[in-house]
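Every chain is numbered from 1, with letters handed out A, B, ... down the list of sequences.
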Number of protein chains: 2
Amino acid sequence: MALTLMDDLRMTKKLTILDIAKMAGVGKSTVSRVLTNDPKVKPETRLKVEQIIKESGFTPSKSAQSMRGGSQKVIGIITARLDSPSENKAVSAILEVIYRHGYDAVIMESQFDTQKTNEHLEVLRKRSVDGVILFGFTECDMSEVERWNERMVVIAMDTDKVSSINYDNNGVIRQALYHLSELSLTNIAYIGVDPSDKTTGKLRLDAYLNWCEEHELPPRFATGQLDHQSAYALVDSVLDDDIEAIVCASDTLALGVAKRLQELHREDIQITGVGGNELLSFLFPNIISINPGYQLAGESAAKQLLQQLDGAVNIAHLTQPLSF
Amino acid sequence: MALTLMDDLRMTKKLTILDIAKMAGVGKSTVSRVLTNDPKVKPETRLKVEQIIKESGFTPSKSAQSMRGGSQKVIGIITARLDSPSENKAVSAILEVIYRHGYDAVIMESQFDTQKTNEHLEVLRKRSVDGVILFGFTECDMSEVERWNERMVVIAMDTDKVSSINYDNNGVIRQALYHLSELSLTNIAYIGVDPSDKTTGKLRLDAYLNWCEEHELPPRFATGQLDHQSAYALVDSVLDDDIEAIVCASDTLALGVAKRLQELHREDIQITGVGGNELLSFLFPNIISINPGYQLAGESAAKQLLQQLDGAVNIAHLTQPLSF
DNA sequence: CTGTTAGCGCGTTCAC
DNA sequence: GTGAACGCGCTAACAG
């Protein structure tokens, strides 16, 4: 009887809402009411219960709560690559936002693999997470995606099935080109990634091509993979005695280009990248890196998702009677 | 009645174990048995139930399962920095192992902050995750840690409270020094991080100092922060006309050193780092980078934890009657 | 082998 | 205001 409390302190036995109720000398439902901030509880009683809860270090079982219909307060994040600096920035921003709202995150890695992505989505569905933030890629299979509706936000991929946050692919390249034009540089080449990649590939290349057309400049470009090796290898193919600058689709590519130009002693050529990579600007201070606002994108995505989730909850409440 | 199946297909109503039971014309416990691979089920029945499950795309509620005493099959990972290349490698390795074992991961970031770490641990405890892999750091508060016992493995931190996986801090530095000695280089300086950091700081510096003593070489070193800027700034202080090589405590530092030496046109000096950083070897092919086996560490940590969890389960089963 | 029953911990009526 | 009772989806004990 009276040993209950001592017992609990002694052995870290799992406390339940019932234990708290006994200790406080009230019914379990009253404790529940306190937990759910139900106004219909005498302030006095509430205070006492809260006291006991604090003292005993009791925490309601998430499993039981979520089974009872509540949400787990968990959102899934599927990144393409865990070690991508740009995605990392976005993820950090996401985490900060959702933590602040009492959510936790389960992070997964798609490795640009459609099947893995779908497997992850499947797992997240089974775990009934509240929502998902997906870092898109071109081959991404939309069939699984649309099942999520309001409960998903994708980053860096165009789709009208779910909400999406996109970097300003066109803007970052134009910004770079504008910057170069301010420096009176006109002979500008471009090194990017294959247009089969819709965003970093096609969109950014198009931005370059459009600019060239607008300004009646002869385009000179090459595309390949998303890594520095690829860019390194492509440099020679666009190089030309009167090239004054090379615009790169990403900082990673810029790194490869810088390396090659250094070898060729063509450090007169101005390079621009995209990403705001700190390491890049340390190694090659003269490279101009446009920051596409990854952290901002992450923050936006998180806020957007949370807002949609809130909306979904409200709608659910409203339609519950109807769906009955 | 007969509409049940059509209904389910129509609206993606949450299927329960009971629905499956009805469809298969069996009791709910039989379905449960199938789910839990209970041998005591007639193969024929089992097959039929499995069939229905597949067709309906039913998935048992994790929440209910875990509430009933089962584990969530989730392990928490607390990294110091999401964007640390070395930790990333380890994390990727961890993920691969645990996915293969049907576990999922919730990843958190401590940012070398004790308080955040404890908050994360608290959250993980509330969520009753099965286990935790923690990337340690020096100021890490052990008080919260020891509560986890068998259910935690720490990486890169010495402690006897819980299992720990450590990189071979001494070994990597000695390996670098040995390599240099093979090249007949004897005038070797060291750039590391402050010894207040126990592992990357003190252990690696000690390795250097010991080597010097053993080989009767005059030590020449400087320590600072863990970033390339710091290393960059420290180079001049150890530089000397007859320095032939600089051993760095990490690849990040090596990057800073390389940058500075390049500026000074002292590319004759051999640099070594630790980390197996791919970018580093791309930018500075002549830098020797010792791979401390981060992915191996991650893999080991994950396997170790899973094994301990299995053990814990068994012990729990055995002691359950006693604790009663 | 299989159906029935009893909880797990919690939120939610429904009476008091 | 508050306590008793019910059910969420599932597993494990108990009967057949």
K.L.:
In Å, rounded to the nearest 0.5 Å, how long is the span from CD1 of B/Ile98 to OH of B/Tyr103?
P.N.:
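The CD1 atom of B/Ile98 sits 9.5 Å away from the OH atom of B/Tyr103.
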K.L.:
Kindly assign one of parallel, tilted or perpendicular to the pair A/Tyr167 and A/Tyr294, based on the angle between their ring planes and the thresholds 30° and 60°.
P.N.:
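Because their plane-to-plane angle is over 60°, the rings of A/Tyr167 and A/Tyr294 count as perpendicular.
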K.L.:
If I take atom CD1 from residue A/Ile75 and atom CG from residue A/Leu309, how far apart are they, to the nearest 0.5 angstrom?
P.N.:
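If we round to the nearest 0.5 Å, A/Ile75:CD1 and A/Leu309:CG are 8.0 Å apart.
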K.L.:
For B/Lys42, report the nucleic acid contact type (base, sugar-phosphate, nothing); a contact means any heavy atom under 4.0 Å.
P.N.:
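Result for B/Lys42 = sugar-phosphate.
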K.L.:
Toward the 5' end of DNA chain C, which comes first, B/Gly27 or A/Thr16, by nearest nucleotide?
P.N.:
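Closest to the 5' end, via its nearest nucleotide, is B/Gly27.
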K.L.:
Please state how far atom CG in B/Leu15 lies from atom P in D/dC8, giving the value in whole angstrom units.
P.N.:
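For the pair B/Leu15 CG and D/dC8 P, the rounded distance is 15 Å.
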K.L.:
Distance check needed: D/dC10 P versus B/Asn37 CG, whole Å only.
P.N.:
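Roughly 16 Å, once rounded to whole Å.
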K.L.:
Pick the nucleotide of DNA chain C nearest each of B/Pro39 and B/Arg68; which residue has the one closer to the 5' end?
P.N.:
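Upstream on the strand: B/Pro39.
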K.L.:
Starting at CD1 of B/Ile17 and ending at P of D/dA12, how long is that distance when rounded to a whole Å?
P.N.:
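These atoms are roughly 11 Å apart.
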K.L.:
Nearest whole Å is fine: how far is C/dG11 P from A/Ile20 CD1?
P.N.:
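Rounded to the whole Å, the gap is 12 Å.
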K.L.:
Can you see whether B/Gln295 engages B/Glu299 through a side-chain donor-acceptor pair at a distance of less than 3.5 angstrom?
P.N.:
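There is no such pair between these side chains.
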K.L.:
Check every atom of C/dG3, D/dG1, D/dG9 against the side chain of B/Val26 and return the nucleotide holding the closest atom.
P.N.:
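In terms of side-chain proximity for B/Val26, the closest of C/dG3, D/dG1, D/dG9 is C/dG3.
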K.L.:
So does A/Gln65 get a side-chain nitrogen or oxygen closer than 4.0 Å to the phosphate oxygens (OP1/OP2) of C/dG11?
P.N.:
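It does, given that an N or O in the side chain of A/Gln65 lies less than 4.0 Å from OP1 or OP2 of C/dG11.
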K.L.:
With sugar-phosphate meaning primed atoms plus P, OP1 and OP2, does A/Val31 contact a base, only sugar-phosphate, or nothing at under 4.0 Å between heavy atoms?
P.N.:
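The residue A/Val31 makes no contact with any strand.
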K.L.:
Has the side chain of B/Thr117 got a donor or acceptor atom that lies under 3.5 Å from a matching backbone atom of B/Asp113?
P.N.:
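Yes; at least one donor-acceptor contact below 3.5 Å.
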K.L.:
Quick one: CD1 on B/Ile133 to CZ on B/Arg151, what's the gap to the nearest 0.5 Å?
P.N.:
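It is 13.5 Å, given to the nearest 0.5 Å.
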K.L.:
Examine the base of C/dT2 for any acceptor or donor lying under 3.5 Å from a partner atom in the side chain of B/Thr45, and report the outcome as yes or no.
P.N.:
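No such pair is found, so the answer is no.
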K.L.:
Distance check needed: C/dC10 C1' versus A/Asp19 CG, whole Å only.
P.N.:
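Answer to the nearest Å: 13 Å.
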K.L.:
Are the side chains of B/Ile17 and B/Ile20 in touch, meaning some heavy atoms are under 4.5 Å apart?
P.N.:
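A side-chain contact under 4.5 Å is absent here.
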K.L.:
Does the plane of the ring in B/Phe137 sit parallel, tilted or perpendicular to the ring in B/Phe112? Use 30° and 60° as the thresholds.
P.N.:
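Perpendicular, since the angle between the ring planes exceeds 60°.
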K.L.:
Rounded to whole angstroms, how far apart are NZ on A/Lys62 and C1' on D/dC8?
P.N.:
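For the pair A/Lys62 NZ and D/dC8 C1', the rounded distance is 18 Å.
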K.L.:
Taking the side chain of B/Phe58 as heavy atoms from C-beta outward, which of D/dT2, D/dC10, C/dG11 is closest to it?
P.N.:
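Looking only at side-chain atoms, B/Phe58 lies closest to D/dC10.
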K.L.:
Please pick, from D/dG9, D/dT11, C/dC1, the nucleotide with the shortest atom-to-atom distance to any side-chain atom of B/Ala64.
P.N.:
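So the nucleotide nearest the side chain must be D/dG9.
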K.L.:
Checking contacts here: which listed nucleotide (D/dT2, D/dA12, C/dT12) is nearest the side-chain heavy atoms of B/Ser29?
P.N.:
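Of the options given, the side chain of B/Ser29 lies nearest D/dA12.
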K.L.:
Let's see if you can work this out: which of C/dG3, D/dG3, D/dC10 has an atom nearest to the side-chain heavy atoms of B/Arg33?
P.N.:
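The answer is C/dG3, which lies nearest to the side chain.
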K.L.:
Which nucleotide, D/dC10, C/dC10, C/dT12, lies nearest any side-chain atom of B/Ser61?
P.N.:
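Of all the options, the side chain of B/Ser61 is nearest to D/dC10.
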K.L.:
Within the 4.0 Å heavy-atom criterion, would you say A/Ser32 contacts the bases, only the backbone, or no part of the nucleic acid?
P.N.:
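A/Ser32: base contact, heavy atoms under 4.0 Å.
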K.L.:
Which of the following nucleotides, D/dC10, C/dG3, C/dG11, is nearest to the side chain of A/Lys28?
P.N.:
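When the side chain of A/Lys28 is considered, C/dG11 is the closest of D/dC10, C/dG3, C/dG11.
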K.L.:
Starting at atom CG of A/Leu47, determine the distance to atom C1' of D/dG1, rounded to an integer number of angstrom.
P.N.:
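Rounding to the nearest Å, CG of A/Leu47 and C1' of D/dG1 are 16 Å apart.
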K.L.:
What nucleotide, of C/dG3, D/dG9, C/dC10, holds the atom closest to the side chain of A/Met67?
P.N.:
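Nearest to the side chain of A/Met67 among the choices is D/dG9.
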K.L.:
At what angle, to 10 degrees, do the two end axes of the helix from C/dT5-D/dA12 to C/dC16-D/dG1 meet, given five pairs define each axis?
P.N.:
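If I round to tens, the end axes sit 50° apart.
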K.L.:
Please report, rounded to the nearest Å, how far the P atom of C/dC8 is from the CG atom of A/Leu18.
P.N.:
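About 9 Å, once rounded to whole Å.
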